[in-house]
Amino acid sequence: MNALNEIIEELDLAPHPEGGFFRETYRSEGEINSDSLEPEYSGNRAYSTCIYFLLTSAEFSAFHRILQDEIWHFYDGSAIRLHMISESGEYTQHIIGRNFSSGEKPQLVVPGGSWFAAEVMDKDSYSLVGCTVAPGFNFDDFELVSRSKLTSLFPEHEQIIASFTRMV
């Protein structure tokens, strides 16, 4: 996996709490005042933020959610399968990649409040994507969920939840 190490080093990526590696590449200078945001936000937010996100087939991005919509952009490597559970409990999966003839899409919008997890589709591979968030990302808006909590909310999805959570 020399290519993987080169990408991590070249893009100056660091471990991400949900799995994989990341680096913020953009944070707008302008901010949205907290009094213009929904009450769930704990303060001002940048207009928008963007990161590189690298995931390998040896790991997964665990179920988590953020308040904002998040747009995923495919860059390189294997296609990525994103698992999503909406706030109402609807489960869907989406393939983010560049094989358009097989239904892969190069972008995907994850609606704010949705629980989502991701996995690299090819063995011994990686996926390099970008994620854009508006209003801008803040770790105060991030929730990494335990298996027991998410299963209690959506028992009908117990099997997929067990596959993509680390905390019991």
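Note that these values count all heavy atoms, side chains included, but never hydrogens, waters or copies made by symmetry.
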Can you tell me if T151 and E158 form a side-chain donor-acceptor pair at under 3.5 Å?
no
Going by the rule ring pair (Phe, Tyr, Trp, His ring centres under 6.0 Å), which residues pair with H94 if we only count those two or more places apart in sequence or in a different chain?
none
Any chance the side chains of D76 and Y126 put a donor and an acceptor closer than 3.5 Å?
yes
Do E18 side-chain atoms and L144 backbone N/O form a donor-acceptor pair below 3.5 Å?
no
Look at the rings of H73 and Y75 and say which category their plane angle falls in: under 30° parallel, 30 to 60° tilted, over 60° perpendicular.
parallel
Kindly indicate whether a cation-pi arrangement holds for R166 with F60, taking the cut-offs as under 6.0 Å to the six-membered ring centre and within 45° of the axis.
yes
Is there a donor-acceptor pair under 3.5 Å between the side chain of R27 and the backbone N or O of F137?
yes
Would the number of heavy atoms belonging to other residues, nucleotides or ligands and lying under 6.0 Å from OH of Y52 be above 12?
no
Derivation of the side chain to side chain contact (heavy atoms under 4.5 Å, CB included) call for W72 and I80
CA-CA 10 Å; W72 287 54; I80 203 163; 3.9 Å; yes
Following the transitive rule for hydrophobic clusters with a side-chain heavy-atom cut-off under 4.5 Å over Ile, Leu, Val, Met, Phe, Trp and Tyr, establish whether L82 and I51 coincide in one cluster.
yes
Going hydrophobic residue to hydrophobic residue with side-chain gaps under 4.5 angstrom, can you get from I161 over to F164?
yes
Assign the ring pair H83 / Y91 to parallel, tilted or perpendicular, where the plane angle (0 to 90°) is split at 30° and 60°.
parallel
Kindly compute the distance separating OG (S57) from CD (E119), expressed to the nearest 0.5 Å.
10.5 Å
Close side-chain approach of D141 and R45, heavy atoms under 4.5 Å:
yes
